[in-house]
Student: 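Can you read through this structure? Questions will come right after.
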Amino acid sequence: MGTPEDLALGGWDISSASLADAADRAGVLEPDLRRQLRPHTGAMVPLRGAYDPSFIADNQAPRADHVMPDGWSKQRRLDALRGDIRDFKAASGVDFVVVVWTANSERYSEERAGLNDSADALLGAIARGEGEVSPSTLYAVAAILEGCPFINGSPQNTLVAGALDLASRHGVAVVGDDFKSGQTKMKSVLVDYLIGCGVKVKTMVTYNHLGNNDMYQLTDGVMWKPKSAAKSRVIDDIVDGNGVLYAPGEARPDHVVVVKYVPFLGDSKRDVSEYTSETFMDAHYTTVMHNECLDSALCAPLILDLALLTELLTRIDFQVGGAAPSPDAPYEPLHPVLSVLSFYMKIPLTPPGEPIVNSLGRQRAAVENLLRACVGLAPESDLLLETKCVPARGGGS
Ligand SMILES: O=P([O-])([O-])O[C@@H]1[C@@H](O)[C@H](O)[C@@H](O)[C@H](O)[C@@H]1O
C-alpha cells in the first residue's frame, strides 16, 4: 500500500491561483508554514478547469479566471481533461492516477432516459453538448475513460447512472458521495451509540457555521439542496435498521439541519447540536454537543486515505466460488462501486442490491476486515470466543 509520501499532486481549478496563493487566500495553514512551503507550492499551478456557471453558485464567478474557453464543446472539454490526465501521468512518472473531486458543490443534474441513464446515452449526450451534463460528470467520464478511479467528494449526483455504467464497462472504480468530515460523522457515531444502547432518538437539531469558500458557495439555495440531503440522510439506515425501537412506518426522529456562513471564522467549522431521546420509562435524555475544527484539517486526511485505499482496492482480486472455490475458479476484481469506502462518505454509493450502511463503526469494520482478509486473517468480530469457551475449573483441554 502506498503512503502519502508516494503521491504526486496535480489538478484543475477555475481559479488561476497557485497553491501558495490559494493557501494564502484561504488562510488555513499558519503564515510561517505557508512562507516556508512557498518555494514548492508557488510552483504548483492548476490546470484550466471545465467551467459551467449554470452548475455552481453565482458567487464563484469572480474566481473563474482560469477556465476552458466558453466556445469549447462538452466533447472538446472531455478530450482536454483526458489529455490533461495523460500528460500529468507522463510528467509526474506515477504509475497510477486517482481523480478526486474536491471542488465546489454543483446543483443536481437532471437524470433522464436517453441523457445519462446508460454509458452510451451519456457519451452521446456529451457528443451532442447536452446542457445537463455537469462539469463534474465530465471529469468523472474523463477519469473513467483514462482508466483512473474517480472519487466524488461533494454531494451532487456526479456519478449518474450512465457514469456508473461506464465505470462497470471499463472496470474502473468509483466512490461517492460527499466527504464525511465533521458534524455528519459525529452524528452517525452518536446516533449509533444511542440506538445501540436502546435509547430512542427523537430529535436531532444540528447546526453548523463556518466562513470558508465551501460554505460561501452553499449560501446559494440551489447548491444547498444536495448538501442538505447529504447531511440529512446519514441517519436513515441506523433508524430504519432498528425495528425494535422504530416500528415500520413510524415517524423518524425530528431532524433539523442548519448551516450558516460566518466569514470571520474562515475555515474553523463549528458544530452545535442537540439530541433528545427517550429512554427507560420514556424519560428524556438530552445531549448537547459543540465541536470545532478546521474543515480542511478534517477533509485533507480523508482525501489522502481515499486515494491510497482506492489504489490498493483496485489491486484486489478474489476467486469466485464462495468459501471453497475450485482451484481453477476465475479471479474477479471488486465491484467498481467501492462501497467498502463508505466510512469516508456522507451518502455512500453502493453496488445494486447492497443496502447503505451509515453506522461509522460498521463502516470501519468493513474496511478493516477486508484488509485482514487480504493477509489471510479472519474477520475481527470482538467476540473473543476462544477465551470465552474455556473450562472454568481447569478441566480437560
Ligand atoms: O461533514 P459535515 O461537517 O457534516 O458537513 C460540512 C458542511 O456542514 C459544511 O457546510 C461544508 O462546508 C463542509 O465541507 C462539510 O460538508
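In each ligand, atom 1 is the first atom listed, and ligand 1 is the first ligand listed. All residue numbers refer to positions in the sequence shown, counting from 1.
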Student: Should N208 be counted as touching ligand 1, given the test is an N or O pair under 3.5 Å?
Tutor: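 It does: an N or O of N208 is found under 3.5 Å from an N or O of ligand 1.
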
Student: Do the side-chain N and O atoms of E292 and S268 include a donor-acceptor pair separated by under 3.5 angstrom?
Tutor: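 S268 and E292 do have a side-chain donor-acceptor pair below 3.5 Å.
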
Student: Any idea which protein heavy atom is nearest atom 3 (O) of ligand 1, and the distance to it?
Tutor: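 The answer is K269 NZ, 2.6 Å.
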
Student: Whether the N116 and E110 side chains hold a donor-acceptor pair (N or O, under 3.5 Å, no angle test) is what I'd like checked.
Tutor: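 Absent: no donor and acceptor within the cut-off.
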
Student: Between the side chains of S118 and D120, is a donor N or O closer than 3.5 angstrom to an acceptor N or O?
Tutor: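 Absent: no donor and acceptor within the cut-off.
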
Student: Looking at ligand 1, would M186 count as a contact under a 4.0 Å heavy-atom criterion?
Tutor: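 M186 does not count as a contact of ligand 1 under the 4.0 Å cut-off.
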
Student: Check K185 against ligand 1 and report side chain, backbone, both or neither, counting heavy atoms closer than 4.0 Å.
Tutor: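 It is neither part, as no heavy atom is under 4.0 Å.
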
Student: Which bit of K187 gets closer than 4.0 Å to ligand 1, counting heavy atoms only: side chain, backbone, both or neither?
Tutor: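 Within the 4.0 Å criterion, K187 makes no contact with ligand 1.
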
Student: Do any N/O atoms on D295 end up under 3.5 angstrom from N/O atoms on ligand 1?
Tutor: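 Min N/O separation from ligand 1 is below 3.5 Å for D295.
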
Student: To the nearest 0.5 Å, tell me how far R270 CZ sits from H290 NE2.
Tutor: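 Here the rounded value is 6.0 Å.
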
Student: So, D79 and Q75: side-chain donor and acceptor under 3.5 Å apart, yes or no?
Tutor: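 Their side chains do contain a donor-acceptor pair, which is all the 3.5 Å distance test asks for.
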
Student: Quick test of your reading of the model: are R252 and D240 salt-bridged, counting only N-O distances below 4.0 Å?
Tutor: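 Counted as a salt bridge, because a side-chain N and a carboxylate O are separated by less than 4.0 Å.
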
Student: Would you kindly specify which portion of T184 sits under 4.0 Å from ligand 1, judged on non-hydrogen atoms: side chain, backbone, both or neither?
Tutor: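 The part of T184 near ligand 1 is both the backbone and the side chain.
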
Student: Where is the nearest protein heavy atom to atom 11 (C) of ligand 1: which residue, which atom, and how far?
Tutor: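 Here the closest protein heavy atom is D214 OD2, 3.1 Å.
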
Student: Specify side chain, backbone, both or neither for D271, according to which of its non-hydrogen atoms lie closer than 4.0 Å to ligand 1.
Tutor: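 It is neither part, as no heavy atom is under 4.0 Å.
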
Student: Flag L218 as yes when one of its N or O atoms lies below 3.5 Å from any N or O atom of ligand 1, and as no otherwise.
Tutor: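 No; the residue has no nitrogen or oxygen that sits under 3.5 Å from a nitrogen or oxygen of the ligand.
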
Student: Report yes or no: is the cationic atom of K185 (NZ for Lys, CZ for Arg) closer than 6.0 Å to the six-membered ring centre of F343, at no more than 45° off its axis?
Tutor: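 Yes, K185 and F343 form such a contact.
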
Student: Can you confirm, on distance only, whether ligand 1 has an N/O atom lying under 3.5 Å from any N/O atom belonging to N212?
Tutor: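 Between N212 and ligand 1, no N or O pair is found under 3.5 Å apart.
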
Student: Tell me yes or no: between the side chains of N358 and S188, is some donor less than 3.5 Å from an acceptor?
Tutor: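 Result is no, nothing qualifies.
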
